[in-house]
Amino acid sequence: MRPLGRAEEIAWTLGAALLLFAGSARAATLVEGGSIDDATWTASGSPYLLNDDLVVPPGKVLILEAGTSVVVGSSDLSATGEDPERIELRIQGELYVNGTLSAPVSIWNENASVRDAWYGIVVEPEATHARLQYATIANGYDCLESSAPAANLEVVATTFDTCDAGAVLEGGAARFDRVLVHDSSYGIWLQDAPGAILTNVISRGNDTGIYVLSSTLALENVTLSQNTTGLAAASLKGVPTAIALSNSIFANNTPQFKLGSNVTVSVSYSDVWPAAPDNAHVTLGAGTLSVDPGFVGAPDDLHLAATSACIDIGSAETSSDHDFDRNERPLDGNRDGTPAPDLGAYELFFRAFCGDGELDVGEVCDEGDANGTPNHCNEDCAGPGGIAGAGGTAGAGGIAGTGGMAGEGSAGGVAGGGVGNVPNGGAAEPSNEPAGMAGIDTSMAPESKGGATTTASTGGSPAAGDGAGGSRPSSTGAGDAGRGGTGATSESAAGEGGESSSSPRCVPGTRDVCRCPDGSDGTLVCDSERIQICYCSASPAGGESTPPPAAAEGCGCRIAPARSAFGDWLGLFGLGALARFGRRSRRSRRRHDSSERRR
């Protein structure tokens, strides 16, 4: 294995693969064919360019680390191996494909629309162990073919994409869980596999979703959707095939079942929709229904919508303890207090929505609109919030009449306030509002109407028709200043404690309820200048409410805490770069036994 030279890079035919990585600083690595010693392929060495058969011999180990990419050529240079026309990765020792959710491993051919551009990964009978996790294998004749003992093969969180056969298991697998197969001729081919179990499998958009030959198989929490044939099964040389289907969904496969002689299928706690015609080989047991499963976005997104009839009706006795997304199973999807498994590969998972007043998974508390206010749950629902801060002190009132005629109080400026129209109180601003309207909130924006920013409000003139200005403090722990009183008293009462906040700015577009000077509720709006405006006018009898002028700013109000939510789960295992150019016509070849399939 060596870095790809410039001449070889030009001569090599994987143009699309090289273009894919043209913007990367990483150099492509050419892998020589034949047998290899112990090797570890890495993301930094990617893409690994394979243009010949490669064999991991007995006693040797090949490891593909997270983020590794392997691009396979379309012709076998040495014309050797099981298929002299296609490149094979043959495992006689050990293979570990160690992808992760955020850094999957990808193995594919540059011709993304072809189902058999290379042969695939072949796990030989003598292989000691092969494990694939968080991998995407694409464009192979058999993207994965294993004739090793079941205990020596694990396939977890893996996608098979645009293959002639996604996974061919001649003997089964110790673990075959959270596997997606799509746009292939055969999704999963299972042969001579006694006691095989497939869990949390999705097979969609294939010519045949699952094909079973002379095996005993349990399908648990499986979703088969929009395959030309959902489940096909046959018996070879008199060896019976028996399939138990539970907690699963068969939807829009035409037909749902295609079964030969000496085959039995028992169905329980599953949804088969549309209903399959009567079939002597199929027994419908307890919990079987035929309804539209209510997918979120078929054909690609086969999660269950919240209104699905497939929620909480499965059997715990034949269900895995997790789903395709690794959510715990069962969850109480219909919130009736009794958790039960959902049908299909996905368990309905209510993503936590902080601020909806419901205690969702992952939340310590959630008090709805009270979140983020003192003595309540904090804004991210991770625990109790802070203690209420002390109320702000009302500013001293000016001398009656000094600020102008009655009804023309001046806005407060810096702490302490101005008297009349003295310059250090800020410019006088007449008020045309009725008695008791609040002054301007100067804490929300520096150099705003009242002058310099302040954390304590100053009152306007308390003469008849004048009210003290409120203020929303900008430092944590300080309370909101209260509304000024009316009348001719020289001081207003101290305000109620308000919301603690570390930011003096509001968020444009947010709304909440605020208190108006007459004691009624108004609507608090954060305008484009990030200034709080409290609309306080009452609705005329029989008419619609009309907001008053902006002089209603500055009531003792708070901005509603921004609601947070867990993000949607990431897309499935991440090989989004593969183009989908349509499905190839079904191959005329039919597999009947392994000797006929081998070339």
Side-chain heavy atoms of [X] within contact of [Y], under 4.5 Å:
X	Y	value
Leu54	Tyr48	no
Ile210	Trp189	no
Ile121	Leu95	yes
Leu89	Leu62	yes
Thr241	Thr216	no
Phe257	Phe250	yes
Trp108	Val71	yes
Leu169	Phe176	yes

Step by step, work out the side chain to side chain contact (heavy atoms under 4.5 Å, CB included) result for Arg329 and Ser320.
-> CA-CA 7 Å; Arg329 196 195 289 270; Ser320 62; 3.7 Å; yes
Does the side chain of [X] pick up a donor-acceptor pair with the side chain of [Y] at under 3.5 Å?
X	Y	answer
Arg115	Ser185	yes
Asn371	Asp366	yes
Asn221	Thr199	no
Asp161	Thr136	no
Asn206	Thr208	no
Glu367	His376	yes
Asn109	Ser74	yes
Thr162	Asp183	no
Glu347	His322	no

What distance do [X] atom [atom1] and [Y] atom [atom2] have between them, rounded to the nearest 0.5 Å?
X	Y	atom1	atom2	result
Asp323	Arg178	CG	CZ	8.5 Å
Ser266	Ile243	OG	CD1	9.0 Å
His182	Gln226	NE2	CD	13.5 Å
Thr288	Asp271	OG1	CG	9.5 Å
Ser270	Leu245	OG	CG	4.0 Å
Ser147	Gln191	OG	CD	10.5 Å

If we ignore hydrogens and angles and just use 3.5 Å, is the side chain of [X] paired with the main-chain N or O of [Y] as donor and acceptor?
X	Y	value
Asn253	Thr229	no
Asp325	Asn327	no
Asn139	Ala117	no
Asp177	Ala157	no
Ser214	Ser235	no
Gln92	Glu124	no
Asn378	Ala382	yes
Thr307	Ala305	no
Ser308	Ala306	no

Carefully, step by step, assess Leu343 and Ile313 under the rule side chain to side chain contact (heavy atoms under 4.5 Å, CB included).
-> CA-CA 7 Å; Leu343 306 187; Ile313 63 169; 3.7 Å; yes
Would you please test Asn200 and Val222 for side chain to side chain contact (heavy atoms under 4.5 Å, CB included) and show each step?
-> CA-CA 5 Å; Asn200 300 311; Val222 169; over 6 Å; no
Would you call the rings of Tyr119 and Tyr141 parallel, tilted or perpendicular if under 30° counts as parallel and over 60° as perpendicular?
->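 Tilted, since the angle between the ring planes falls between 30° and 60°.
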Check each of Asn152, Asn98, Thr158 against Arg131 using the side chain to side chain donor-acceptor pair (under 3.5 Å) test, and report the only one that passes.
->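 Single pass found, and it is Asn98.
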How about Asp336: does its CG atom have over 12 heavy atoms from other parts shown lying under 6.0 Å from it?
-> yes
Leu302, Ile249, Asp300 screened by side-chain contact (heavy atoms from CB on, under 4.5 Å) with Ser225, the one that passes | Leu302
Heavy-atom pair with the smallest gap, counting every atom of [X] and [Y]:
X	Y	result
Gly81	Glu88	C-OE2, 3.5 Å
Tyr269	Ser315	CD1-CB, 3.6 Å
Ala138	Trp118	O-NE1, 2.8 Å
Ala233	Val263	CB-CG1, 3.7 Å
Ser69	Ser46	N-OG, 2.9 Å
Ala66	Ala43	O-CB, 3.6 Å

Cys365 and Cys381: sulfurs closer than 2.5 Å?
-> no
Do Thr254 and Asn252 pass the side-chain hydrogen bond (donor to acceptor under 3.5 Å, both in side chains) test, and can you show the C-alpha distance, the side-chain angles, and the key distance before you say yes or no?
-> CA-CA 6 Å; Thr254 52; Asn252 295 311; over 6 Å; no
Would you mind checking if Asp301 and Arg204 are paired as a salt bridge, meaning a charged N to carboxylate O distance below 4.0 Å?
-> no
Going by an N to O cut-off under 4.0 Å, is there a salt bridge joining Asp116 and Arg86?
-> yes
Please step through side chain to side chain contact (heavy atoms under 4.5 Å, CB included) for the pair Leu331 and Glu328, ending with a clear verdict.
-> CA-CA 7 Å; Leu331 298 174; Glu328 177 186 354; 4.2 Å; yes
